Number of protein chains: 2
Amino acid sequence: MDELDSAILRHLQRDARQTNRDLARTLGIAPSTCLERIRVLRARKVIRGYHADVDPAALNRHVQALIHFQIRPFSRAIIEAFKAYAAGLPEVSTVYVVTGGDDMIVHVSTPSVDYLHGFLMDKFTERREVVGFRTSVIYQHTHNQVLEPLTP
Amino acid sequence: MDELDSAILRHLQRDARQTNRDLARTLGIAPSTCLERIRVLRARKVIRGYHADVDPAALNRHVQALIHFQIRPFSRAIIEAFKAYAAGLPEVSTVYVVTGGDDMIVHVSTPSVDYLHGFLMDKFTERREVVGFRTSVIYQHTHNQVLEPLTP
DNA sequence: AATGAAAGTAGCGTGGT
DNA sequence: ACCACGCTACTTTCATT
């Protein structure tokens, strides 16, 4: 992980579909060198994948929310099972297992407020391990697609 | 947005670097057709971009957290300013503006717990609009990279 | 580890159905 | 709208440094 690798990661986070030639040209290296660097970064799992960023509204997901869960009993097996359950629901985009006031925070996106309400009622209220949850509707969110390496 | 567009989005969310030819072949359409569909989806901003997914640990970001903020006074200008401030910090990956108990939830990733503590102290405690915040350290998180269209 | 050339392959415009 | 063709450009391997 030298400065060149960092530069490659920075550029591929911003635009994953630029050609290898273009990337090599902007970095001032040969295309074959650039290709090999990227191959190694993938093999080392530093680059985990390449994903298109799709507007949720185009997928009929106009209402997003964060759901804060309290789970009891708090054991590894229960947490793992609930995490797997939540992550498998098509409305769910992210599951965070956290410390603090809540045990789990789940990011969901749904067509409407009505759909969200029905979804929460149908999928979570009946589960024994869920002793309580709280909904935060998301008004806006901005995502920083390019993360730089940090120095300790 | 027909079934073919949905299929294209599904595949590009899973792997944004597959060639147009491969995608066309798996969908059973001509490459030129596929290319034109993708071009329109980009022009309509349904596809917002293509991004490499990089392991945060490789960027020296071993400790992630969600920070829950209470902001006062609660006005559009104050919220916008704080959002812009937070989103501009390199440690921050996502800013959610929400309803409910909190006003803003910020996803951060840092090298260590010490770094996180110093970061919170240096960047947030001195800001007047921050009347309180709470930290949830993230133990695990799973992200669903492929979002399907939902039917109302 | 980086390069340059060479072979295979893909992108993308044009025209046709 | 979709497909077929063809030119140009890209990717990728390998010998060389």
Side-chain angles (χ1 to χ4, degrees), chain A residues 1-61 111 145-152, chain B residues 1-61 111 145-152:
Chain A
M1 277 296 299
D2 56 6
E3 189 46 54
L4 187 53
D5 286 328
S6 294
I8 289 171
L9 293 178
R10 186 163 51 244
H11 283 91
L12 287 180
Q13 283 180 92
R14 216 198 43 221
D15 177 11
R17 291 217 66 155
Q18 65 192 298
T19 65
N20 183 59
R21 269 178 98 93
D22 281 348
L23 181 51
R25 195 176 305 125
T26 60
L27 297 176
I29 58 175
S32 48
T33 304
C34 191
L35 199 69
E36 174 63 9
R37 289 281 193 144
I38 294 171
R39 208 189 56 72
V40 172
L41 288 169
R42 283 231 62 169
R44 285 175 51 205
K45 302 282 173 71
V46 170
I47 296 173
R48 299 192 287 203
Y50 304 98
H51 306 286
D53 174 30
V54 175
D55 182 0
L59 301 171
N60 193 31
R61 294 161 177 269
Q145 299 283 5
V146 182
L147 296 183
E148 305 270 337
L150 293 180
T151 50
Chain B
M1 279 296 300
D2 57 5
E3 190 48 53
L4 187 52
D5 285 328
S6 294
I8 290 171
L9 293 179
R10 185 163 52 243
H11 283 90
L12 287 180
Q13 283 179 94
R14 215 197 47 221
D15 177 11
R17 291 216 67 157
Q18 65 192 297
T19 65
N20 182 60
R21 284 173 97 95
D22 281 348
L23 181 52
R25 193 175 308 124
T26 59
L27 296 175
I29 58 175
S32 49
T33 304
C34 190
L35 199 68
E36 174 63 8
R37 291 280 193 144
I38 293 171
R39 210 189 55 72
V40 172
L41 288 169
R42 284 231 60 170
R44 287 174 50 205
K45 300 282 173 69
V46 171
I47 296 173
R48 298 192 288 204
Y50 304 99
H51 306 285
D53 174 30
V54 175
D55 182 0
L59 301 171
N60 193 30
R61 293 161 176 268
Q145 299 284 5
V146 181
L147 296 183
E148 305 270 339
L150 294 179
T151 49

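Worth saying up front: this structure is predicted, and the values here are computed from it rather than measured. Chain letters run A, B, ... following the sequence lines, proteins first, then strands; residues in each count from 1.
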Apply side chain to side chain contact (heavy atoms under 4.5 Å, CB included) to [X] and list each qualifying residue two or more places apart in sequence or on a separate chain.
X       : result
A:Arg39 : A:Glu36
B:Asp22 : B:Thr19, B:Arg25
A:His51 : B:Asp53, B:Gln145

With sequence neighbours left out, write down each residue that passes salt bridge (Lys or Arg N to Asp or Glu O under 4.0 Å) with [X], or none if nothing qualifies.
X       : value
A:Asp15 : none
B:Arg44 : none
B:Arg17 : none

Evaluate the criterion side chain to side chain contact (heavy atoms under 4.5 Å, CB included) for residue pair B:Leu59 and A:Leu150; output intermediate values, then yes/no. CA-CA 6 Å; B:Leu59 301 171; A:Leu150 293 180; over 6 Å; no
Answer yes or no: is there a donor N or O on one side and an acceptor on the other, between the side chain of A:Asn60 and the main chain of A:Pro111, under 3.5 Å? no
Do the side chain of A:Asn20 and the main chain of A:Pro31 share a donor and acceptor less than 3.5 angstrom apart? yes
Earliest and latest nucleotide of DNA chain C, 5' to 3', sitting under 4.0 Å from a non-hydrogen atom of chain A? C:dA2 to C:dG4
One character per nucleotide, please: for nucleotides 6-17 of chain D, 5' to 3', B when the base has a protein heavy atom closer than 4.0 Å, S when only the sugar-phosphate does, - otherwise. ----SBBB----
Listed partners of B:Arg10 passing side-chain hydrogen bond (donor to acceptor under 3.5 Å, both in side chains), at least two apart: B:Glu148
Taken to the nearest whole Å, CG/B:Asp5 to C1'/D:dC2 is 14 Å
Determine the stems involving DNA chain D; a stem requires 3 or more consecutive pairs of the Watson-Crick or G-U wobble kind, each with both distances below 3.5 Å, and the answer is none if no such run exists. C:1-17 with D:1-17
